[in-house]
Amino acid sequence: MDNSLFGLNEDQIAEFGLTFGVAAFILFMLFIVFNLARESKAGKFGTFVLFLVLSFGMLGFIAKNVIQWLIHI
């Protein structure tokens with residue numbers, strides 16, 4: 001029995017989910033932050049602070065992927 005799904009093994013499926021799935025989730029969270037800033041009428045500085053503070057964890061995830069990519073070159 002071949003342990004694959006659509007011709008992909010478990011490692012390839014996990015890599016796909018980690019890159020595209022988490023990227024889609026990050027975009028959705030950015031939309032939520034934007035919607036929160038718009039509905040609260042935060043203004044330009046308030047919107048900047050919301051994006052800075054609430055998106056700081058996403059920056060760490062992106063930085064981790066960039067560092068891993070640079071190491072593997």
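Bear in mind that the values here come from a model prediction, so they are computed numbers and not experimental data.
Under a hydrophobic-cluster definition in which Ile, Leu, Val, Met, Phe, Trp and Tyr are linked whenever side-chain heavy atoms come within less than 4.5 Å, directly or via other members, Leu18 and Met29 are assigned to the same cluster. Residues Leu27 and Leu59 are members of separate hydrophobic clusters, defined by side-chain heavy-atom contacts under 4.5 angstrom among Ile, Leu, Val, Met, Phe, Trp and Tyr. Residues Val49 and Met58 do not share a hydrophobic cluster, defined by chaining ILVMFWY side chains whose heavy atoms lie under 4.5 Å apart.
Legend: residues meeting side-chain contact (heavy atoms from CB on, under 4.5 Å) with Ile67, ordered by chain and number and at least two apart, are Ile71.
Panel note: side chain Glu39, backbone Leu36; no donor-acceptor pair is recorded below 3.5 Å.
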Step-by-step side-chain contact (heavy atoms from CB on, under 4.5 Å) determination, Leu8 to Phe16 | CA-CA 10 Å; Leu8 300 172; Phe16 178 80; 5.9 Å; no
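One finds the NZ atom of Lys64 at 11.0 Å from the CD1 atom of Ile62 (value rounded to the nearest 0.5 Å). Atom CZ in Arg38 sits 4.5 Å away from atom CG in Asn35 (nearest 0.5 Å).
Under the 4.5 Å side-chain criterion, counting only non-hydrogen atoms from C-beta, Phe61 is not in contact with Val66. Counting heavy atoms from C-beta on, the side chains of Thr47 and Lys44 never come closer than 4.5 Å.
More than 12 heavy atoms of other shown residues, nucleotides or ligands fall within 6.0 angstrom of atom CD in Gln68.
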Identify every side-chain donor-acceptor pair in residues 50-57 under 3.5 Å, counting partners at least two apart or on other chains, and give the distances.
| residue | atom | partner | partner atom | Å |
| --- | --- | --- | --- | --- |
| Ser55 | OG | Phe51 | O | 2.9 |

